[in-house]
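Remarks on the structure that follows.
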Amino acid sequence: MECSTKVFVEGALGVKAHMSQAVGCLIITFQADNIKNAKKLTGHLGALNTATYGAIAKAIEQGDLEPQAGSTLMLNATDAWAKLGLKAERLLLVCTDADLKTLASAKSGQQFSKWLTAGLKALIASSAKDALWVFTQLPTKDGLSQARLLVQLAREQLYKFGARHPQFKTKPAEKAPKFKKLFVASNAKNNKDLQKALAEGLAIANGMDLTKDLGNLPPNICTPTYLGQTAKKLAKDYGFKVQVLGRKEIESLKMGAFLAVTQGATTPPQFIVIQHQGATTKEAPTVLVGKGITFDTGGISLKPGEGMDEMKYDMCGAASVIGTMRAIGELKLKKNVIAVIPTCENMPSGEATRPGDIVTSMSGQTIEILNTDAEGRLILCDALTYVERFKPAAVIDVATLTGACVIALGGVHTGLFSDNDELAEKLLTAGKYSLDTVWRMPLDSAYQEQLKSNFADMANIGGRPAGSVTAACFLARYTEKYTWAHLDIAGTAWKSGAAKGATGRPVPLLVNYLLA
Ligand code: BES
Ligand code: MN
Ligand code: ZN
């Protein structure tokens, strides 16, 4: 889907200018109050009602357009409309909430996404190839975030794994979407800002699509090697510096914790480093670290069989970091950003790590591996030690780390853990403005007690109580040299059930954070 603004001079032309556009669909949003009385339609609605020979008033009277947020009405044009100046092939009416002043409150953000998605679903269910969205909230700063979201959510509706990867079904069921181009109405004054917001929305969507693809691909295709190749291709496309280290180099780095996880697998591990230099070399980089377990069986502490296929999504942290790099590469972000991805499989075998094994991490700290299924923290702790060399401004790791986080927060918020209030606040805000929200969880040292081991510096599990907190506490022992936040995306990276699929989260959050 392409995206661009159509500039309309404010005032003089108004609704007539929008009506004169020969697009597949003209989309108008309005508040519920405006359609409470079908006999008194004013402004845009009044003009459109006239041009449609009263079709809008009639639909309201017949109860086909309820005055409530999220209700929509799609009308197909008749030849007669054009005579009265309405050139679109379809007219889509979308009822919004009262007045959306800011996305900063969780409630208004959720409402916004509800009616916006309802409108987009109606649009994409039609056969329209292009559309003009008349977006009334512009041009406030919030309005620009909303325009970014319009593109992000439109593309969300258009993502079809089966259409992007038809090779997995002998008779591909999903067709590539017909919808190709979204125009957003604007007046000349804010056009540049709006154009920028739309470009950002597209870059975020492209990053999310890549993240979803990597997540959804089967684990026999999306291996550590595949992630390495994806990183190399990305580097070529966007001019990043890239390094993909293999087992030998990982051994030389003395990443004993990472090596313990990959030990049972025959598929080779990879350690991927992607560097985007958007500012001077002097500027301290932001480092993103992504968990890249391409399949998590649990190892010798084997997981139960039911639903185990979903552990192909255990590389979604890595995928989101790669998707974020794609977005900032496309936007030529003027910041230094580095992505670091430890990636391997967690498999049981005669050579696999045993519960009780003690290993030495790259930091020198020893770990008693009491449960081989708590492997994410083992690959991450070595990556978190590795990144010290970059003297980072901030490090954010992203991981499908704990089932406990799914129990705590479900699929709504990503778990955020950080000792640094300033960084935490920035991530909370970025989450609200991208509708990719996080919820701050505790990280008190009191929880560190649970990681005590009789035989090593620490155990890799802290028991069932506060499972997502003790996992974060484990990582905290490796991040003392820099500002750090941890995002547990176990509940938000993919959806289960009939709509099984990767969500592309937290790419919007990370890109918003980096753009702010
Ligand atoms: N990848 C899982 C976490 C996970 C589980 C994410 C289910 C999403 C859904 C992780 O490696 C894991 O197995 N964690 C264990 C830790 C436990 C052994 C302390 C868990 O959460 O059960
Ligand atoms: Mn596991
Ligand atoms: Zn895992």
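One-based numbering along the sequence shown. Just so you know, ligand 1 is whichever comes first in the structure, and atom 1 is the first atom listed for that ligand. In this text the structure is predicted, and so the values were computed from the model without any measurement.
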Does some side-chain heavy atom of T211 sit less than 4.5 Å from a side-chain heavy atom of I322? no
Sub-4.0 Å protein heavy atom near atom 22 (O) of ligand 1: no
Can you tell whether the side chains of E375 and K291 come within less than 4.0 Å, N to carboxylate O? yes
Angle, OE2 of E375 through the Zn ion (ligand 3) to OD2 of D296 - 10° precision: 90°
Below a 4.0 angstrom heavy-atom separation, can you tell me which part of D373, side chain or backbone, both or neither, approaches ligand 1? both
So, of the N/O/S atoms that E375 has, which is the nearest one to the Mn ion (ligand 2)? OE1
Please work out the angle at the Mn ion (ligand 2) defined by atom O of D373 on one side and atom OD2 of D296 on the other, rounded to 10°. 170°
For the Zn ion (ligand 3), decide whether G376 has an N, O or S atom at a distance under 2.8 Å. no
Taking only heavy atoms of E375, which atoms of ligand 1 are found under 4.0 Å from at least one of them? 11 (O)
C344 and I293: CA distance, side-chain angles, deciding distance, side chain to side chain contact (heavy atoms under 4.5 Å, CB included) verdict: CA-CA 5 Å; C344 68; I293 297 291; 3.9 Å; yes
Please list the nearest protein heavy atom to atom 19 (C) of ligand 1 with its residue and the distance rounded to 0.1 Å. I461 CG2, 3.4 Å
Shortest protein contact, atom 6 (C) of ligand 1 (heavy atom only): A490 CB, 3.6 Å
Looking at Y386, does the NZ or CZ of R389 lie under 6.0 angstrom from its six-membered ring centre and within 45 degrees of the ring axis? yes
In this structure, atom 1 (N) of ligand 1 is nearest to the protein heavy atom D314 OD1, 2.8 Å
The closest protein heavy-atom partner of atom 18 (C) of ligand 1 is N371 ND2, 3.5 Å
In terms of heavy-atom contacts, does NZ of K335 have more than 12 from other residues, nucleotides or ligands at under 6.0 Å? yes
Where on L401 is there a heavy atom closer than 4.0 Å to ligand 1, on the side chain, on the backbone, on both, or on neither? backbone
For ligand 1, the portion of K303 having any non-hydrogen atom under 4.0 Å away: side chain
Side chain to side chain contact (heavy atoms under 4.5 Å, CB included) between L210 and T230, intermediate numbers included: CA-CA 10 Å; L210 174 58; T230 305; 4.3 Å; yes
T402 to ligand 1: N or O pair under 3.5 Å? no
With only distance considered, is G403 within less than 3.5 Å of ligand 1 through an N or O on each side? yes
Atom 9 (C) of ligand 1: nearest protein contact (heavy atom, Å): M311 CE, 3.6 Å
Side chain, backbone, both or neither: which applies to K291 and ligand 1 if a contact is any heavy-atom pair less than 4.0 Å apart? side chain
Y226 atom OH: more than 12 heavy-atom contacts under 6.0 Å: no
Kindly give the atom name of the N, O or S atom of D314 closest to the Zn ion (ligand 3). OD2
Please state which protein non-hydrogen atom is closest to atom 2 (C) of ligand 1 and give its distance, to 0.1 Å? D296 OD2, 3.6 Å
Does ligand 1 have an atom under 4.0 Å from some heavy atom of W494? yes
Around atom NZ of K495, are there more than 12 heavy atoms from other residues, nucleotides or ligands closer than 6.0 Å? no
Give a yes or no on whether a salt bridge exists between D457 and R477, defined as a side-chain N under 4.0 angstrom from a carboxylate O. no
Which heavy atom of the protein is the closest neighbour of atom 16 (C) of ligand 1, given with residue, atom name and distance? R377 NH2, 3.8 Å
Side chain to side chain contact (heavy atoms under 4.5 Å, CB included) with W484: of I396, D397, V287, only one passes, and it is D397
Report yes if some heavy atom in the side chain of P506 is under 4.5 Å from a heavy atom in the side chain of S320; otherwise report no. yes
Answer yes or no: does atom CD of E2 have more than 12 heavy-atom neighbours from other residues, nucleotides or ligands under 6.0 Å? no
Let me know which of M1, K180, K178 forms a side chain to side chain contact (heavy atoms under 4.5 Å, CB included) with L158. M1
